[in-house]
Amino acid sequence: MIGNYVYDIIRRYRVVLVGYSADDPPMRYLMDAIGEDASLFDDMRQPIAITDLHVSPEDPSAAIEEAIWLSKEIKPIFFKRVSRKSPYDPLWKSFREWANWSRDEVAWVERQLEENTRIKRSDASPFQRAFVQDLLAVLSADELERAVSFLSVRKVDFSWIETVSAAIDATKPGKGGALDR
């Protein structure tokens with residue numbers, strides 16, 4: 001009975017498991033059920049596990065942990081706890097941002113662009129440069145057009161033009177961008 005319920009949930013929704021390890025007994029049961037039956041259903045969506053990586057990503061055991069999840073048809077997304085009073089703060093911040101994005105995607109994108117392109121590209125941190133590039137790269141052609149218009153109205157420093165131009169080029173057919181998918 002519970003197995004059917006789990007299958008129905010996974011077939012209808014994108015299941016995101018937060019905070020479990022592959023060794024937790026409920027996870028072993030769930031992973032075994034999903035792993036065995038994933039090939040039986042064409043419409044099963046791959047669950048995602050957001051889980052703490054207890055070792056460095058370069059550590060060989062990190063690859064083993066990822067392989068365990070993947071062998072059970074669950075895609076792991078690892079995070080690393082920070083060593084301070086609130087070790088899960090970055091994870092909770094990510095969830096808050098995800099919720100903000102889901103409530104109003106356009107406003108969230110505009111806010112992120114405004115916050116991260118206030119300064120010249122050369123003065124931006126490597127994270128900011130990569131974030132703006134990645135954010136623009138995942139937008140559809142229509143969304144990108146709105147984002148470029150937004151940046152134009154905000155008179156963003158011209159040094160960001162290469163990042164914007166690369167995102168626009170990626171949406172053109174034959175460039176491996178959004179229109180080729």
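Since the structure is predicted, the reported quantities are computational estimates derived from the model, not experimental observations. Count residues from 1 along the sequence.
- Atom-to-atom distance recorded for R45:CZ and R12:CZ is 11.0 Å, nearest 0.5 angstrom.
- A donor-acceptor pair under 3.5 Å links the side-chain atoms of S94 to the main chain of P90, judged by distance alone.
- Of the possible donor and acceptor atoms, one in the side chain of S56 sits under 3.5 Å from a partner among the backbone N and O of E58.
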Inset, instruction - Show your reasoning for whether side-chain contact (heavy atoms from CB on, under 4.5 Å) applies to V156 and E114. - result: CA-CA 8 Å; V156 170; E114 186 170 18; over 6 Å; no

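- Within the 3.5 Å criterion, the main-chain N or O of V106 finds no donor-acceptor partner in the side chain of R146.
- Under a 3.5 Å cut-off, the side chain of S159 and the backbone N or O of R121 do form a donor-acceptor pair.
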Inset, instruction - Start with the C-alpha gap between F79 and I50, add the side-chain angles, then the distance that decides, and say whether side-chain contact (heavy atoms from CB on, under 4.5 Å) holds. - result: CA-CA 7 Å; F79 71 92; I50 299 175; 3.9 Å; yes

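- For CD of E105, the number of neighbouring non-hydrogen atoms (other residues, nucleotides, ligands) closer than 6.0 Å is greater than 12.
- For the atom pair CH2 (W69) and CD1 (I74), the distance works out to 5.5 Å, reported to the nearest 0.5 Å.
- Surrounding CZ of F131 are more than 12 heavy atoms belonging to other residues, nucleotides or ligands, all under 6.0 Å away.
- Here CG of D157 is found 14.0 Å from CZ of R118. Values are rounded to the nearest 0.5 Å.
- Under a cut-off of 6.0 angstrom, the local environment of CZ in R111 is crowded, with over 12 non-hydrogen atoms contributed by other residues, nucleotides or ligands.
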Legend entry - T51 vs F78, side-chain contact (heavy atoms from CB on, under 4.5 Å): CA-CA, chis, key distance, verdict: CA-CA 5 Å; T51 184; F78 296 112; 3.5 Å; yes

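- Remark: side-chain polar atoms of R14 are paired, donor with acceptor, to backbone N or O of Q46 under 3.5 angstrom.
- Minimum interatomic distance between A137 and A167 (heavy atoms only, all atoms of both residues): N-CB, 4.4 Å.
- L136 and V153 fall into different hydrophobic clusters, defined by Ile, Leu, Val, Met, Phe, Trp and Tyr side-chain heavy atoms under 4.5 Å apart, directly or through other members.
- Here K93 contributes atom NZ and E97 contributes atom CD; the two are 6.0 Å apart, rounded to the nearest 0.5 Å.
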Inset, instruction - Carefully, step by step, assess L151 and T117 under the rule side-chain contact (heavy atoms from CB on, under 4.5 Å). - result: CA-CA 9 Å; L151 291 171; T117 60; 3.8 Å; yes

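- With a 4.5 Å cut-off on side-chain heavy atoms, I48 and L17 do not count as touching.
- Side-chain contact of D142 with S140: a donor-acceptor pair under 3.5 Å is absent, judged by distance alone.
- Relative orientation of the W98 and F95 rings is parallel, given thresholds of 30° and 60° on the angle between their planes.
- When side chains are defined from C-beta on, R129 counts as touching W160, because their heavy atoms get closer than 4.5 Å.
- Under a hydrophobic-cluster definition in which Ile, Leu, Val, Met, Phe, Trp and Tyr are linked whenever side-chain heavy atoms come within less than 4.5 Å, directly or via other members, I119 and V132 are assigned to different clusters.
- At a threshold of 4.5 Å between non-hydrogen side-chain atoms, the residues P76 and L70 count as touching.
- What you find for L135 and Q112 is that their closest heavy atoms are CD2-CB, 3.9 Å.
- The environment of K80 atom NZ is dense: over 12 non-hydrogen atoms of other residues, nucleotides or ligands sit within 6.0 angstrom.
- More than 12 heavy atoms of other residues, nucleotides or ligands shown are found within 6.0 angstrom of CD on E115.
- How far OG of S125 is from CG of N116: 7.5 Å, rounded to the nearest 0.5 Å.
- Note: L113 CG to W108 CH2 = 9.0 Å, rounded to the nearest 0.5 Å.
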